[in-house]
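We name chains A, B, ... by the order of the sequence lines, and we start the count at 1 in each one.
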2 protein chains.
Amino acid sequence: MTSSSPPAAATRRSRGRPAVPLDRILATALQLVDEEGAEALSMRTLAQRLESGTATLYRHFGNRATLVTHVIDRVFGEVDLDAAALADLTWDQACRTVAQAMFETLGRHRRIAPLLIEQTPTGPNAMLLRERCLAVLLGAGFPPEFAARAYATLARYVLGFAIQLTGSGDTGERARALFQDVPPDRFPATLAVAGSLPVPLAEEFAFGLDLIVEGLRAAAPVG
Amino acid sequence: MTSSSPPAAATRRSRGRPAVPLDRILATALQLVDEEGAEALSMRTLAQRLESGTATLYRHFGNRATLVTHVIDRVFGEVDLDAAALADLTWDQACRTVAQAMFETLGRHRRIAPLLIEQTPTGPNAMLLRERCLAVLLGAGFPPEFAARAYATLARYVLGFAIQLTGSGDTGERARALFQDVPPDRFPATLAVAGSLPVPLAEEFAFGLDLIVEGLRAAAPVG
DNA sequence: ACCTGAACACCGTTCAAGT
DNA sequence: ACCTGAACACCGTTCAAGT
């Protein structure tokens with residue numbers, strides 16, 4: 001490893017001033033959220049993982065909120081969307097595809113949802129994703145106002161669901177246990193559905209998504 | 001005010017041990033959230049408003065989370081729902097009514113949404129509200145599994161929307177300003193809908209709700 | 001019994017001081 | 001120029017000590 005030290009290339013760690021590349025900060029931050037949850041993303045903890053100090057982070061970000069903005073946009077950048085492929089779909093297929101892609105990405109970073117509600121995503125990747133969605137809806141012939149509302153509904157549905165994902169994963173299990181132990185005389189309906197609750201989250205999401213798209217088709221001003 | 005001091009009734013403030021009634025704690029906590037936001041609900045700040053100490057709070061609640069549970073259920077208790085009135089509605093009218101009532105309550109306590117995603121509501125009022133919703137869906141003849149999914153979809157939509165409500169109120173304004181300043185060549189679709197974005201939140205909510213209920217009607221296994 | 005002050009181990013943020 | 005340690009004003013939680 002450290003056999004023949006090179007002239008001036010290495011500077012292993014925090015020697016001169018390795019400048020802590022922004023990309024490494026964001027990758028580490030996202031990894032931190034993935035592994036330990038959104039609440040673990042503190043300036044101190046992040047600085048520790050980078051083997052740096054908190055003040056160094058403030059050179060890149062004015063405050064924690066803008067750090068969060070960048071981390072969120074990194075996640076949006078992972079949403080698997082091919083503009084060309086989208087163009088070949090009908091508008092309802094495209095809506096389902098985009099929402100599913102967003103859901104899958106949030107599934108890969110389950111613990112990031114609390115950060116998403118801290119702020120409206122305005123990073124470059126988020127802006128691009130929104131642009132593509134709106135382009136599909138406008139391309140289908142929907143008036144701007146209808147397209148805007150349709151997009152908002154879908155976005156809120158995905159986010160609302162993503163929040164449900166946040167729970168440590170056994171959310172469904174815990175809820176089911178709780179609902180099955182409910183007093184039968186006072187909560188007959190709750191008890192009746194308690195048994196059919198451990199539906200896989202992915203299926204549950206698809207169910208609601210179909211509902212919304214079906215409603216969109218029925219309400220759409222175009223055939 | 002303090003004219004003729006009564007024998008042993010008053011004990012104006014933190015004298016003997018006024019025991020800090022739980023109801024006053026919760027009312028003060030909710031007021032604190034309403035006035036200064038969810039992030040302001042710290043044990044210290046709450047204790048200060050009660051003219052007490054943090055340790056006193058830990059006599060009533062094991063930790064901050066259970067305090068939050070109680071505050072949330074206090075909000076659920078405000079949801080205006082008459083079981084008798086619900087029974088006279090068709091299932092789709094009932095769904096709209098319940099979702100609207102929940103939305104209006106969250107509108108009265110806009111800044112509480114961040115607390116709602118910290119945990120699944122399990123307080124008595126939340127349990128009762130869920131029971132009534134599920135009873136309506138089962139009463140309409142929906143199979144338990146379908147009813148459970150329908151309820152989950154509606155609950156998630158309302159919560160997802162409530163999160164959007166959390167932003168200081170000018171969220172729409174800020175978003176509109178941002179979207180209208182976007183580069184026209186790269187974001188034509190975003191720009192096209194930017195003008196039709198400042199839709200009143202209540203209308204926006206109703207739009208999506210109708211979509212979902214319409215989708216439910218289309219997907220329902222009963223006529 | 002119930003409440004209190006002070007402590008412990010954390011936060012986000014800032015700033016003078018180092019290289 | 002960039003990084004660092006230490007500080008400031010906060011957290012949630014606990015505990016010995018007061019009445």
Just so I know, are the side chains of Val33(A) and His109(A) near enough to count as touching, which here means a heavy-atom distance under 4.5 Å?
no
Can you check the Met43(B) CE to dA9(C) C1' distance for me, whole Å?
16 Å
Does any nucleotide pair with dC2(C) by Watson-Crick or G-U wobble geometry, both distances under 3.5 Å, and what is it?
dG18(D)
What integer distance in Å separates Asn63(A):CG from dC11(C):P?
18 Å
Separation of dA16(D) atom C1' from Tyr58(B) atom OH, nearest Å, is 17 Å
Once you apply a heavy-atom cut-off of 4.0 Å, does Arg59(B) come out as touching a base, just sugar-phosphate, or nothing?
base
Using whole Å, report how far CD of Glu36(B) lies from P of dC10(D).
13 Å
Answer yes or no: does a side-chain N or O of Ser42(B) lie under 4.0 Å from OP1 or OP2 of dC10(D)?
no
Check every strand shown and say whether Thr54(B) touches a base, only sugar-phosphate, or nothing at a heavy-atom separation below 4.0 Å.
base
Rounded to the nearest angstrom, tell me the gap between atom CZ in Phe61(B) and atom P in dC3(C).
12 Å
Distance check needed: dT4(C) C1' versus Gln48(B) CD, whole Å only.
14 Å
Using whole Å, report how far CD of Glu39(B) lies from P of dC10(D).
15 Å
Quick one: CG on Leu30(A) to CG on Leu46(A), what's the gap to the nearest 0.5 Å?
11.0 Å
So, do Leu209(B) and Phe103(B) sit near enough that their side-chain heavy atoms are less than 4.5 Å apart?
no
Interatomic distance, Leu46(B) CG vs dC11(D) P [rounded to whole Å]:
12 Å
Under 4.0 Å, heavy atoms only, any strand: does Arg64(A) hit a base, just the sugar-phosphate, or nothing?
sugar-phosphate
What orientation do Phe205(A) and Tyr157(A) show, parallel under 30°, tilted 30 to 60°, or perpendicular over 60°?
parallel
Take Arg74(A) and Glu78(A), measure what salt bridge (Lys or Arg N to Asp or Glu O under 4.0 Å) needs, and give me the verdict at the end.
CA-CA 7 Å; Arg74(A) 186 164 250 262; Glu78(A) 283 184 25; 5.9 Å; no
dC10(D) -> Watson-Crick or G-U wobble partner, both distances under 3.5 Å, gives none
When Gly62(A) and Ala40(A) are each assigned the nearest nucleotide of DNA chain C, the 5'-most assignment goes to Ala40(A)
Counting heavy atoms from C-beta on, name the nucleotide in dT13(C), dG5(C), dT4(D) closest to the side chain of Arg44(A).
dT13(C)
